[in-house]
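Just so it is clear: chains get the letters A, B, ... in the order the sequence lines come, proteins before strands, and each one is counted from 1.
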Amino acid sequence: MGSASPGLSIMPSSRLLLTPDTVLRTDLEKVAGVSVGPERQDWSPSPPATPDQGLSTFYLSYFDMLYPEDSSWAAKCPGVSTREEPPKEPEQCPVIDSQAAGGSLDLSQGGLALEEHSLEQVQSMVVGEVLKDIETACKLLNITSDPVDWSPGNVQKWLLWTEHQYRLPPVGKAFQELGGKELCAMSEEQFRQRSPLGGEVLHAHLDIWKSAAWMKERTSSGALHYCASTSEESWTDSEVDSSCSGQPIHLWQFLKELLLKPHSYGRLIRWLNKEKGIFKIEDSAQVARLWGIRKNRPAMNYDKLSRSIRQYYKKGIIRKPDISQRLVYQFVHPI
DNA sequence: CAATAGGAAGTCC
DNA sequence: GGACTTCCTATTG
């Protein structure tokens with residue numbers, strides 16, 4: 001049989017007749033624009049006050065994490081608006097321009113050089129970051145990056161995770177029993193029918209995943225760097241291997257993964273002293289919840305999670321720091 | 001009152 | 001059997 005319905009495989013590719021980052025960008029804009037709620041997600045910069053600030057904020061947050069040391073230039077970098085291809089999505093550009101509208105092109109000196117190379121580079125970096133985020137989520141959830149391959153269980157995990165990440169209203173059982181193929185075949189309208197409040201955003205997020213999977217497959221021929229490249233500064237090779245091979249993830253690995261993505265999880269858990277491996281759990285309930293999603297343990301809570309951490313004391317994996325503080329732990333072997 | 005500590009038994013791969 | 005998970009009691013800040 002035709003197995004994967006034609007539309008399924010054609011859809012992403014037809015969309016990607018445009019450059020990959022154009023497509024992703026469109027999805028990103030959608031997600032950012034649509035999901036702007038009273039309480040935006042955790043991607044660091046200040047919550048947008050208006051819908052069109054949402055997009056800028058969305059991008060800037062990525063600039064932020066690309067240039068954590070000096071994000072000031074990005075904050076006033078309307079260079080973003082000097083796009084070369086306005087013909088394509090005219091109505092989406094003004095949104096980006098909203099920052100420039102404020103005037104103040106501070107690109108006078110040094111800015112020009114930046115402007116020259118920045119746009120495309122920044123765009124590809126942003127896309128790269130999105131792809132990395134997806135890889136991270138895959139690791140944390142133990143699901144494949146291509147939604148088409150998801151089991152109904154995987155779909156539920158992804159839904160729970162995405163809900164949590166972007167503070168979407170719970171979909172409950174609206175998508176129960178759906179596998180990845182069915183999910184991917186659904187239109188935005190169908191998403192909205194199943195989940196009137198968050199369906200549209202969920203669909204946009206899924207779209208990003210689909211695009212990413214398509215891009216990944218397209219470039220996979222020579223590229224096996226994917227897994228390892230996701231956590232630049234992180235573990236040793238052997239550790240990367242274990243987290244890439246779909247083996248059950250250990251709690252300490254999970255915690256480290258969260259710690260490696262401060263722009264996504266910094267409000268839940270963060271380094272107090274990265275060199276020494278000291279970290280603080282800022283939101284114990286949420287960290288436990290994510291761990292529960294990962295392990296399919298809906299009843300997981302901080303009481304149980306912390307008991308697991310305490311098992312690490314004996315094993316010499318995690319300990320309490322010399323100066324014990326609430327919710328602060330230390331990896332015995334940092335880096 | 002939530003966090004910490006650790007024993008004990010159960011589950012899951 | 002290892003790596004949690006679940007439950008529980010006692011202690012601490």
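- At a threshold of 4.5 Å between non-hydrogen side-chain atoms, the residues A/Trp150 and A/Trp209 count as touching.
- The two atoms that bring A/Asp283 and A/Arg267 nearest to each other are CB-O, 4.0 Å, heavy atoms only.
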Protein and nucleotides 1-6 of chain C: nitrogen or oxygen contacts under 3.5 angstrom:
residue: C/dA3; atom: OP2; partner: A/Lys315; partner atom: NZ; Å: 3.4
residue: C/dC4; atom: OP1; partner: A/Leu251; partner atom: N; Å: 3.1
residue: C/dC4; atom: OP2; partner: A/Tyr312; partner atom: OH; Å: 2.6
residue: C/dC4; atom: O3'; partner: A/Lys295; partner atom: NZ; Å: 3.1
residue: C/dT5; atom: OP1; partner: A/Trp291; partner atom: NE1; Å: 3.4
residue: C/dT5; atom: OP1; partner: A/Lys295; partner atom: NZ; Å: 3.1
residue: C/dT5; atom: OP2; partner: A/Trp291; partner atom: NE1; Å: 2.9
residue: C/dT5; atom: OP2; partner: A/Ser308; partner atom: OG; Å: 3.3
residue: C/dT5; atom: O3'; partner: A/Arg297; partner atom: NH1; Å: 3.4
residue: C/dT5; atom: O4; partner: A/Gln311; partner atom: NE2; Å: 3.2
residue: C/dT6; atom: OP1; partner: A/Arg297; partner atom: NH1; Å: 3.3
residue: C/dT6; atom: OP2; partner: A/Lys304; partner atom: NZ; Å: 3.3

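- The side-chain heavy atoms of A/Ile269 and A/Ile281, taken from C-beta on, include a pair separated by under 4.5 Å.
- Atom CZ in A/Arg310 sits about 15 Å away from atom P in C/dC8, given to the nearest Å.
- Note on A/Ser284: only backbone sugar-phosphate atoms sit closer than 4.0 angstrom, heavy atoms only; bases stay farther off.
- Proximity of A/Leu183 to A/Phe191: side-chain heavy atoms (C-beta onward) are separated by under 4.5 Å at one or more points.
- The footprint of chain A on DNA chain B, defined by a heavy-atom cutoff below 4.0 Å, extends from B/dA2 to B/dC12.
- Annotation: cation-pi geometry not satisfied between A/Lys280 and A/Tyr329 (NZ/CZ under 6.0 angstrom from ring centroid, within 45° of ring axis).
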- Walk me through it: do A/Glu129 and A/Lys132 pass the test salt bridge (Lys or Arg N to Asp or Glu O under 4.0 Å)? CA-CA 5 Å; A/Glu129 284 302 318; A/Lys132 280 196 222 165; 3.2 Å; yes

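- A search for salt bridge (charged side-chain N to carboxylate O under 4.0 Å, His left out) contacts involving A/Arg192 returns A/Glu188, A/Glu189, A/Glu200, not counting sequence neighbours.
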- Query: For A/Tyr313 and A/Lys320, what are the C-alpha separation, side-chain angles and deciding distance, and is it a side chain to side chain contact (heavy atoms under 4.5 Å, CB included)?
  - Reply: CA-CA 8 Å; A/Tyr313 294 173; A/Lys320 273 298 207 181; 3.5 Å; yes

